[in-house]
Structure formats: structure tokens, C-alpha cells
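Accompanying notes for the structure given below.
Just follow the structure's listing: the first ligand is 1, and inside any ligand the first atom is 1.
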Amino acid sequence: MAKTSRRGALIVLEGCDRSGKSTQCSKLVERLNNLKIPAKKISFPDRSTPIGTIIDQYLSRKIDLPDRSVHLLFSANRWELEPEIHKQIQSGVTLIVDRYSYSGIAFTSAKKCVNLNWCCAPENGLPKPDLVMFLKLSLEEMMKRGGFGEERYENTEFQNEVDKKFEKLKGDNFIQIDAAKDIFSLNNCLIELVLKTINDVEDQPLKEIDFNF
Ligand code: Z5A
Ligand code: MG
């Protein structure tokens, strides 16, 4: 019998700063929609919500907040969208997500005053991505790209620490991709992985994040 309800895939782009995550997320959604595959982009932080407004002020250094408190805000910003993520995926829409829990944990735990376990706890229970494409770029390449250095966290020493934390978070749903390619070549590489994942998971239940260190 023909299948009637196929779920969409939950696909996350993570990786180093300026590795091209936002650029690639937009291009992936555009290509999927051109192929008549329903797809939408979500970005974290989502700076448009009330919680996101506080995060934006923090990142642009307009306000200071204690490290644990800002970590919980980043997490709450994901939980605000959790019902919508489920709704979209179950209705067959593939979500291409620009940063997710992995950034949340890597950035806060890189501050050293907060341990990894503590950072993971508020993320557990969120929808687990079917695929995380981790865009890897060297620090030298990163600094050549536009805008680096304007917001909080944008310095090479801290980015190095973040990179080490990301290493600890790479699980069974991760694929690392060399991001030092031109935009078009990189997109061709990513779309193949996205199309395969959409096909592979359409009958599978969406799992939950369960970090356990
Ligand atoms: N953060 C956190 O602490 N906790 C959390 O839970 C979350 C985030 C979710 C803001 O995030 C900060 O929040 C971030 C992590 C922290 N801190 N830092 N650092 P954001 O996602 O809003 O950050 P962003 O401003 O979008 O920067 P980004 O994500 O690092 O950049 P990107 O999206 O990877 O790159 P891009 O914007 O697509 O491209 C950057 C530039 O490179 C741009 O000029 C492009 O035209 C160019 N580009 C893109 N691709 C290429 C290629 N292939 N070749 C050459 N040039 C390229
Ligand atoms: Mg971005």
C-alpha cells in the first residue's frame, strides 16, 4: 500500500564561525523547494522572540549576564520553538536548522567556569537532529571571511576552545565537512547528504537528544 504520511527530516548545520552555515542553510532550502520538497529554515539564536531579543543584546555587548543564565536563555530559545519543530516535521516539512544545541553546549562550556554536563542538561529532550553537518574551517580561513570580530565570542583563542568542545559532542548523527570550498561546490556536497537523509528517515520516529557524559 502507498505511504500516506512521510515526516520531514531535522537537519542541522553546525561548525566553526564564518564557515558558511547561514549561507548554506538558505541555499539548501531554496534548492529543496525548487525540487518541490517542502523545507524551511530555522536559525538559533532566533533573535526575533522576546528571549532572542535579550540574547541579541548580550551578543552585541549591550548587556552583560552571568554565564549560566545566558546559557539557559539560549536553551529556552530552542524550547520556545520545540512545538513548532514537531509540528513542521510531522506535517512533512524538512527543517534546515542554522546552529542548535551543539553550539549552545560548546560555547558555554568553552568558558571553562561551567562544566559540560551542566551545559547538556537543559538540551536533553529536545528533538534530536537526523543529521548534523559540521562545517570545518581553519582559524586562518575563518578570519579571512567577512564580519569576524564584531560580536562577543569572536576571537581566535575562544574559537579554538569552542572547537575542542565540539569534538566531544560529535555523535552518531554527525558528518564533518571541509568548508574551505566555494559556496556552490560546498552546497552540491551538502544537498546530496540532505536528500539521502530525507529519504532514509521518512518512516522513522524523530528521536530526542540524550547527552550523557
Ligand atoms: N551561540 C551560543 O553561544 N549558544 C547557542 O546556543 C547558540 C549560539 C545557538 C551568534 O550566532 C553567536 O551565538 C555565535 C554562537 C553563539 N557566536 N560566535 N562567535 P550566529 O549564528 O548568529 O552567528 P553569525 O553571525 O551567523 O555567524 P556565523 O554563524 O559564525 O557565520 P556562518 O553562518 O557560519 O557564515 P555565513 O554568515 O554564511 O558566512 C560568513 C561570511 O563568509 C559571509 O561574508 C559570506 O558571504 C562568506 N562565505 C560564506 N561561505 C563562503 C565560502 N564557501 N567561501 C568564501 N566565503 C564564504
Ligand atoms: Mg550564521
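- The nearest heavy-atom contact from the protein to atom 47 (C) of ligand 1 is Arg145 CD, 4.3 Å.
- Residues Glu84 and Leu95 are not in side-chain contact: their nearest non-hydrogen atoms beyond the backbone lie 4.5 Å or more apart.
- For Phe44 and Tyr102, the ring centers sit 6.0 Å or farther from each other.
- Not a single N or O atom of Gln24, backbone or side chain, sits closer than 3.5 Å to an N or O atom of ligand 1.
- Looking at ligand 1, you'll find an N or O of Arg18 within less than 3.5 Å of one of its N or O atoms.
- In this structure, Phe74 and Leu59 have side chains that are in contact, with non-hydrogen atoms separated by less than 4.5 Å.
- In terms of protein heavy atoms, atom 43 (C) of ligand 1 is closest to Gly146 N, 4.7 Å.
- Ranking protein heavy atoms by distance to atom 21 (O) of ligand 1, first place goes to Arg99 NE, 2.7 Å.
- In the vicinity of Asp182, heavy-atom distances shorter than 4.0 Å reach the ligand 1 atoms 53 (N).
- At least one N or O atom of Gln159 sits closer than 3.5 Å to an N or O atom of ligand 1.
- When non-hydrogen atoms are compared, ligand 1 lies under 4.0 Å from the side chain of Leu59 (C-beta onward) but not from its backbone.
- Looking only at heavy atoms of the protein, atom 5 (C) of ligand 1 is closest to Phe74 CD2, 3.1 Å.
- Proximity to Tyr153 (heavy-atom distance under 4.0 Å) selects the following atoms of ligand 1: 3 (O), 17 (N), 18 (N), 19 (N).
- Ligand 1 places these atoms under 4.0 Å from at least one heavy atom of Glu154: 19 (N).
- The protein atom (non-hydrogen) at minimum distance from atom 17 (N) of ligand 1 is Phe107 CE2, 3.5 Å.
- Inclusion of Glu151 in the set of residues having an N or O under 3.5 Å from an N or O of ligand 1 is not warranted.
- Summary of contacts: the protein heavy atom closest to atom 32 (P) of ligand 1 is Lys21 N, 3.5 Å.
- Each of the atoms 36 (P), 38 (O), 39 (O), 49 (C) of ligand 1 lies under 4.0 Å from some heavy atom of Thr23.
- With a cut-off of 2.8 Å, the Mg ion (ligand 2) has no N, O or S atom of Ser43 in range.
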Go through it in stages, so that I can follow the logic: the residues are Asn124 and Glu208, the test is side-chain hydrogen bond (donor to acceptor under 3.5 Å, both in side chains), and I'd like the CA-CA distance, side-chain angles, deciding distance and then a yes or no.
CA-CA 7 Å; Asn124 284 337; Glu208 287 184 0; over 6 Å; no
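- For atom 18 (N) of ligand 1, the nearest non-hydrogen atom of the protein is Asp17 OD2, 3.2 Å.
- Taking only nitrogen or oxygen atoms, main chain and side chain alike, Gly20 reaches within less than 3.5 Å of ligand 1.
- Inclusion of Arg47 in the set of residues having an N or O under 3.5 Å from an N or O of ligand 1 is warranted.
- In this structure, Leu186 falls outside the shell of residues with a heavy atom less than 4.0 angstrom from ligand 1.
- Scanning the protein heavy atoms around atom 53 (N) of ligand 1, the nearest turns out to be Lys181 O, 2.8 Å.
- A donor-acceptor pair under 3.5 Å is absent between the side-chain atoms of Asp130 and the main chain of Ile11, judged by distance alone.
- For atom 49 (C) of ligand 1, the protein comes within 4.0 Å by at least one heavy atom.
- Atoms CG and CE, from Asn155 and Met143 in turn, are 9.0 Å apart once rounded to the nearest 0.5 Å.
- Close contacts of ligand 1 with Gly104, meaning ligand atoms under 4.0 Å from a residue heavy atom, involve 4 (N), 5 (C), 6 (O).
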